[in-house]
Amino acid sequence: MTDHATLVPTPPAARGRAGAMRGVRIWLAALLLGLGPAPALMAQDDSADAGQAATASQDASATLAPLLAELGGAGYREKQALVARMVALGAPNTRLALRAFLDGALYQRAADGKVFIAVEDGDDHYSLTDPLTGAAAGGASGGLKRIRTNNALRKALRQAIAQFELSDPDAAVRLASARELVDDLDEDTVALLRQRAPVEKDAEVLAEIETGLALADLGSADAEGRMAAIEHLRGSMKTAVYNRLNLIAEGDPDTAVRKAAAAAVRGIDGWRKVYGWIETLFFGMSLGSVLVLAAIGLAITFGVMGVINMAHGELMMIGAYTTYCMQLLMPEHIGLSMVLSIPAAFIVSGAFGVAIERGIVRFLYGRPLETLLATFGLSLILQQLVRSIFSPLNRSVSTPDFMSGTLQINEALSLTYNRLYIIVFALIVFVLLQLILKRTTLGLKVRAVSQNRAMARAMGIRSEWVDAATFGLGAGIAGVAGVALSQLTNVGPNLGQSYIIDSFMVVVFGGVGNLWGTLISGLSLGVINKLLEPYSGAVLAKILVLVFLILFIQRRPRGLFPHKGRAAEGH
Amino acid sequence: MKLKTILTAAALGAASFAAQAADTIKVGVLHSLSGTMAISETTLKDTVLMMIDEQNKKGGLLGKKLEPVVVDPASNWPLFAEKARELLAKDKVDVVFGCWTSVSRKSVLPVFEELNGLLFYPVQYEGEESSKNVFYTGAAPNQQAIPAVDYLMNDVGVKRWVLAGTDYVYPRTTNKILEAYLKAKGVKQEDIMINYTPFGHSDWQSIVSDIKKFGSAGKKTAVVSTINGDANVPFYKELGNQKISAEDIPVVAFSVGEEELAGLDTKPLVGHLAAWNYFMSIDTPENEKLIDTWHQYIKNDKRTFNDPMEATVIGFNLWAKAVEKAKTTDVDTVSSAIIGIETPNLTGGTAKFLPNHHLTKPVFIGEVRDDGQFDVVWETEKEVPGDAWSDFLEGSKDIEADWVKLKCGNYNTKTKECSGQNY
Amino acid sequence: MAASSLLSRLLPMRDDRGSSAFFVVLLAVAVAVPILHLAVPEGSALHLSTYTVTLLGKYLSYALLAVALDLIWGYCGILSLGHTAFFALGGYAMGMYLMRQIGSRGVYGDPVLPDFMVFLDWKALPWFWHGFDMFWFAMLMVVLAPGVLAYVFGWFAFRSRVTGVYLSIITQALTYALLLAFFRNEMGFGGNNGLTDFKDLLGYDLQSSNTRVALFLCTAIALGLGYAASRYIVGSRFGRVIEAVRDAEARTRFIGYKVENYKLWLFTFSAALAGIAGALYVPQVGIINPGEFAPINSIEVVVWVAIGGRGTLYGAVVGALLVNYAKTVLTGALPEIWLYALGALFVVVTVFLPQGIVGLLRRKEATA
């Protein structure tokens with residue numbers, strides 16, 4: 001994956017660097033392409049490519065050249081055939097050329113039809129590498145045409161490269177290669193796997209290879225061999241295995257084999273169901289944590305201060321835009337900018353919050369419903385402000401590497417990292433907020449003012465200051481939620497509107513003025529929604545949740561965790 | 001205070017209305033500049049303004065300057081009807097370029113028919129309509145959906161289909177047409193999964209996971225997406241996160257173009273498909289020239305150009321040609337003059353207005369590149385004529401639209417009747 | 001005696017100059033508009049175009065909706081953030097009647113099924129569409145559908161003493177749930193496109209000037225009657241209790257009034273009024289779709305009332321007319337920046353004019 005990323009065309013901002021960088025870049029590119037600095041090692045590696053022509057002669061290398069040259073003018077299907085011929089040829093450096101082709105770094109020079117690996121290292125300037133020798137071949141600006149790939153071709157290339165990579169020194173590369181091969185077995189790949197199996201040391205790779213071989217054995221002529229394979233595959237969560245066993249359970253000529261396969265399928269089905277439940281629960285938790293993040297700032301401004309802040313969604317939107325701006329500031333360090341966005345969004349949205357409190361809300365205390373109207377007007381203004389500054393188009397916020405991808409537990413269950421992070425993040429925000437409210441002087445003052453303003457003032461608390469700080473805190477948390485949302489959804493002027501209603505529902509369901517209530521209500525609404533979704537579809541699930549909420553409020557008019565005591569009537 | 005500004009604004013509006021003399025040709029622009037649809041429609045407003053600007057540089061039309069009248073229907077459907085009436089009755093515009101969603105078009109349609117206005121509608125849509133007063137410059141289903149499915153079936157070898165869409169009329173109709181088409185091609189019911197989600201759906205975890213499961217049954221699977229606007233970003237983000245690669249389960253979208261991709265990190269999406277009648281990356285001199293003009297006009301050379309924008313450009317050019325041919329802006333004269341007029345597409349070939357008020361269009365299938373553009377992997381040999389009434393739907397296969405011979409937008413060839421006309 | 005007291009409640013009263021002014025202006029408009037539209041020739045400066053007539057008709061139906069909201073919010077303290085749900089339901093009932101009137105003139109020419117059903121391959125009319133070909137039934141539904149929903153909703157909510165913000169949020173949940181439901185094409189209400197392309201009403205062509213004027217007049221009359229009825233209610237003994245509930249609900253209950261019954265009937269009445277407003281709105285704008293259920297719309301209605309000045313009824317009318325007029329003008333004159341102006345208007349009025357515009361006028365009067 002990493003070598004793929006470096007071959008992506010350099011962003012414009014980074015273009016035009018000094019030529020001194022060029023050498024380093026070529027070297028780096030070559031290294032990442034799998035060439036390595038020492039050609040001797042490379043040759044050795046290639047010679048180890050089992051099943052392929054083990055002796056890399058000059059002649060073979062010479063014949064790769066016309067095949068490469070043909071690529072330029074060929075259609076996608078012809079290209080696929082050419083790739084197959086290259087693999088069959090087994091010339092050295094085939095892997096290098098194919099990898100470059102897959103990554104879209106293979107170019108043809110218009111002047112002489114020669115094919116190069118090209119890496120853009122400046123404004124329209126490319127440094128070239130000869131795919132036949134792996135040696136640097138100067139540079140070029142213009143006159144190069146990329147040899148394009150399509151989905152089918154990329155898949156074929158990945159397969160082809162996997163055949164070379166099964167003997168890679170890196171176990172992770174071998175594992176990826178083995179998985180690729182097992183997913184699409186044919187005679188050649190089975191032969192390759194059989195050759196590798198005795199020498200493979202890494203347990204995980206070996207298991208993968210054995211699964212592949214067992215899958216191949218399912219097609220063996222004798223029933224006993226098939227029985228053994230089924231026995232081996234029992235409990236495997238691989239999709240390819242499941243599909244294959246299903247076919248056998250239906251159509252194998254031998255009754256015993258059919259029964260065994262059916263039993264294995266039943267076993268797998270059971271596990272799949274379990275994993276399915278875990279997945280649904282995870283989805284629910286993740287949806288819930290988004291709801292909690294969106295609502296928890298509101299739980300402060302609305303719950304603690306009694307301000308119905310319709311601009312809450314727009315404060316989240318500001319947080320999301322802050323993330324976007326941070327990425328613009330440091331396009332090279334997406335991960336770092338993501339981390340820094342959290343305090344930045346807190347500060348920016350918090351500042352907006354303080355300004356809103358000082359400018360508007362403070363005139364409206366004691367008239368909660370009117371704060372709704374004023375902040376509604378404000379939300380219109382903020383939306384339009386964003387449209388004027390950033391245009392009405394969505395902005396692209398990249399996902400940092402550490403947040404992309406999945407935690408693959410097996411093929412039936414994989415948890416996406418960004419969702420995992422957001423669940424954790426929501427919990428951290430919740431705990432911090434609790435600590436602030438329960439363990440700090442500010443928190444003490446906030447609680448004092450919210451419980452009895454007059455008394456708090458009598459005790460010497462500057463209630464105006466506390467109000468501004470509280471509102472700023474709620475707004476800042478909204479900004480932080482915006483950072484998380486930027487990873488999940490559109491960063492655009494409508495971001496806020498799509499969450500505001502849900503946020504209010506969560507706070508009300510949980511009980512106004514109770515952070516625990518917000519946490520539990522957010523998570524449970526998320527889980528309920530996801531539990532219903534498979535049966536009713538997404539829309540009906542949401543409608544049912546709303547109806548449930550309406551009925552629930554009839555049973556408990558003050559939410560899950562109502563405020564107790566005299567202050568309760570006031571809300 | 002505030003009241004005063006409003007009154008001044010009102011007075012100003014009235015004054016400017018009074019000051020407008022008859023020596024300009026007025027072009028109404030009816031695109032949402034605020035609300036949920038602003039995201040897509042604002043660019044189209046800019047495109048129309050650019051075209052007016054260009055035309056005025058060339059000396060206008062019939063010796064008169066063109067004057068844009070821009071209003072904001074604010075993504076509010078009844079407001080669309082009101083603003084259409086305002087443009088036609090109060091501002092007395094000669095032509096209107098506008099609308100994006102089907103519901104906005106349906107909402108203004110009676111107004112245009114009543115006041116005999118002229119509307120150019122630039123977005124791909126579900127068909128099943130042909131109004132005397134509307135010219136459809138976007139794709140009908142047979143110019144987008146059917147070729148895309150053909151490509152997937154014949155060139156990619158797809159056997160199992162997920163039809164995922166937002167729950168409104170365009171996806172519903174398109175999916176209905178596709179379902180009928182796929183079944184006619186021998187695809188079994190159990191190999192088709194249909195899923196609808198609400199507008200702006202943002203939590204795609206379960207659905208993407210379902211698609212993944214549906215696609216892991218050992219047959220090549222593809223997703224045909226008619227997911228609209230805002231919901232696409234979270235959908236594609238979830239696809240990327242759940243590692244559904246285009247090589248395994250390609251997604252072909254009819255509503256995702258360069259503009260939508262500009263709001264996305266496209267690296268995880270490389271290889272997913274879109275079917276359009278235009279791609280910015282197509283290398284022709286006309287395309288290059290227009291993109292240059294656009295970048296100069298909008299003063300930003302990073303801005304993308306997309307299919308509905310090309311449709312706006314084509315619509316504008318055809319209208320201008322028709323006005324020159326008719327030597328008037330009179331709606332009836334222009335409407336009959338415009339049939340049969342041709343203008344070059346930006347991607348080669350010509351766009352010609354057919355008697356059913358639809359265009360001939362080439363169809364392209366593109367794969368997403370890592371820079372947010374598309375690589376064309378397939379295209380039709382020649383332009384496909386737009387079909388207002390689908391041949392694959394029970395109710396509409398007998399209906400025909402022809403404004404030249406039949407003078408009817410929905411002529412039933414069985415009953416020989418022309419129903420549902422408001423004039 | 002009784003008759004005269006009734007009259008004094010219904011008709012302009014000495015102590016309510018706002019209402020008197022309202023009736024005078026409404027009467028003047030109702031007389032002037034048809035004349036200016038139909039009798040004055042088109043070229044004349046005084047001629048009112050169809051555009052203006054339908055626009056005014058739309059404003060008046062909005063005004064009726066605002067009056068309905070003011071009745072429960074201004075007088076009873078029930079802030080409904082879902083009142084457009086009732087408005088839209090009334091609108092749908094009317095829309096369904098208008099759809100059935102199209103008959104075989106739809107694009108597919110089906111004598112019974114509306115176009116969108118043919119298009120989605122429906123074979124028969126769903127049960128809830130039956131009866132809507134009869135005008136009286138549709139009109140009954142205009143009142144009943146929102147009324148019954150409000151009654152059921154209110155019966156649950158008021159009995160469990162859901163009040164304040166909680167009530168506001170669940171009314172919002174109600175309209176949001178309806179929004180999502182009506183978006184679903186399976187529901188049989190035309191999905192996102194809603195109902196449109198109406199032809200005629202009681203046999204009269206909707207596009208003719210006479211029908212438009214008649215619709216405008218109906219709206220004006222409905223507004224006048226709705227206003228008078230509301231005025232009557234708030235002026236009655238019932239109204240006194242209602243105000244007592246607003247100011248001190250617990251005390252009123254302790255005195256022995258069945259607070260929830262008072263609230264329930266007022267809420268139901270208000271919902272029915274909103275339904276009528278919706279029914280008059282639909283033929284004039286020519287479309288009804290789920291967008292009308294959007295919670296944002298309900299909040300806007302609240303804003304109209306607040307801007308006009310709540311608890312006065314005529315303030316609601318003023319607010320509805322003013323905000324909508326501003327919207328019409330600004331979206332045309334300042335399409336790029338009108339939201340700033342509208343947003344600022346909301347903020348400024350709430351912060352500086354807690355009694356709304358009407359309050360400002362009253363204050364002036366007091367100081368003069």
Side-chain angles (χ1 to χ4, degrees), chain B residues 1-3 5-6 9-10 12-13 16 33-34 45 69-83 85-86 88-91 101-103 106-107 109-111 114-115 128-129 166-169 172-173 176 196 198-199 393-396 399 409-410 412 415 417 419-422, chain C residues 49-52 54-55 58 102 104-110 115-116 118-121 180 183-186 190-194 196-199 206-207 281-282 285-289 291-292 294 297 322 325-336 338-339 341 344-345 348-349 352 357:
Chain B
M1 252 303 282
K2 212 64 228 168
L3 197 66
T5 33
I6 292 165
L12 273 177
S16 68
L33 309 178
S34 57
K45 176 214 69 178
V69 182
V70 181
V71 293
D72 177 15
S75 313
N76 176 328
W77 320 132
L79 198 59
F80 261 93
E82 184 188 317
K83 289 286 145 193
R85 198 175 279 282
E86 182 180 327
L88 294 173
K90 206 178 113 213
D91 297 323
T101 56
S102 287
V103 53
K106 291 269 182 215
S107 170
L109 194 74
V111 178
E114 179 194 338
L115 301 174
E128 305 296 296
E129 188 182 297
T166 303
D167 190 3
Y168 74 110
V169 66
R172 286 259 171 195
T173 318
K176 231 174 185 71
Y196 291 107
F199 276 93
L393 285 184
E394 202 48 51
S396 77
I399 299 182
N410 34 4
N412 194 320
T415 59
E417 263 175 36
S419 71
Q421 302 297 321
N422 289 336
Chain C
S49 62
T50 344
Y51 166 68
T52 320
T54 36
L55 205 58
K58 185 178 113 172
I102 296 174
S104 61
R105 286 170 295 169
V107 288
Y108 298 104
D110 192 296
D115 280 343
F116 71 88
V118 181
F119 185 70
L120 291 175
D121 242 3
L180 292 172
F183 261 132
R184 283 164 48 92
N185 275 289
E186 289 92 345
N192 175 52
N193 273 15
T196 176
D197 208 13
F198 308 130
K199 311 275 181 199
L206 275 176
Q207 296 188 349
Y281 167 84
V282 167
V285 299
I287 182 169
I288 175 78
N289 68 55
E292 300 295 339
N297 287 13
L322 182 79
Y325 178 68
K327 236 176 148 176
T328 302
V329 172
L330 294 177
T331 47
L334 311 164
E336 311 270 351
W338 70 277
L339 271 179
L345 178 72
V348 169
V349 169
F352 296 110
I357 286 166

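Convention: sequence-line order gives letters A, B, ...; per-chain numbering from 1.
With a 4.5 angstrom heavy-atom cutoff, C:F116 does not touch chain B via any of its atoms. Proximity to chain B is limited to the side chain of C:T196, based on heavy atoms less than 4.5 angstrom apart. The contact between C:N185 and chain B is made by backbone and side chain atoms together, counting heavy-atom distances below 4.5 Å. B:K176 touches chain C through its side chain: at least one heavy atom from C-beta onward sits under 4.5 Å away, while N, CA, C and O do not. Using a 4.5 Å cut-off between heavy atoms, C:T54 contacts chain B through its side chain alone, with no backbone atom that close. Within the 4.5 angstrom heavy-atom criterion, only side-chain atoms of B:T173, from C-beta onward, approach chain C. Looking at B:R172, the atoms closer than 4.5 Å to chain C (heavy atoms on both sides) all sit in the side chain, from C-beta outward.
Rounding to the nearest 0.5 Å places CD1 of C:I288 at 11.0 Å from OG of B:S107. Atom CG of C:N193 and atom OG1 of B:T101 lie 8.0 Å apart (nearest 0.5 Å).
If you tally non-hydrogen atom pairs under 4.5 Å between each of C:L55, C:D115, C:L180 and chain B, the highest count goes to C:L55. Each of C:T50, C:V349, C:T328 has some count of heavy-atom pairs under 4.5 Å with chain B, and the biggest count is that of C:T328. Ranked by heavy-atom pairs under 4.5 Å with chain C, the first of B:V103, B:V169, B:N412 is B:V103. Annotation: maximal heavy-atom pairing with chain C below 4.5 Å, among B:K106, B:K83, B:E129, B:E86, occurs at B:E86.
Between B:P110 and C:Q207, the closest heavy-atom pair is O-NE2, 3.7 Å. Nearest heavy-atom pair across B:K90 and C:Y51 is CD-CE2, 3.7 Å. Shown here for B:S34 and C:L339, the closest heavy-atom pair between the two residues is CB-CD1, 3.6 Å. C:N289 approaches B:P78 most closely through the heavy-atom pair ND2-CD, 4.4 Å.
Inspection of the B:D167 and C:N192 side chains reveals no N or O donor paired with an N or O acceptor under 3.5 Å.
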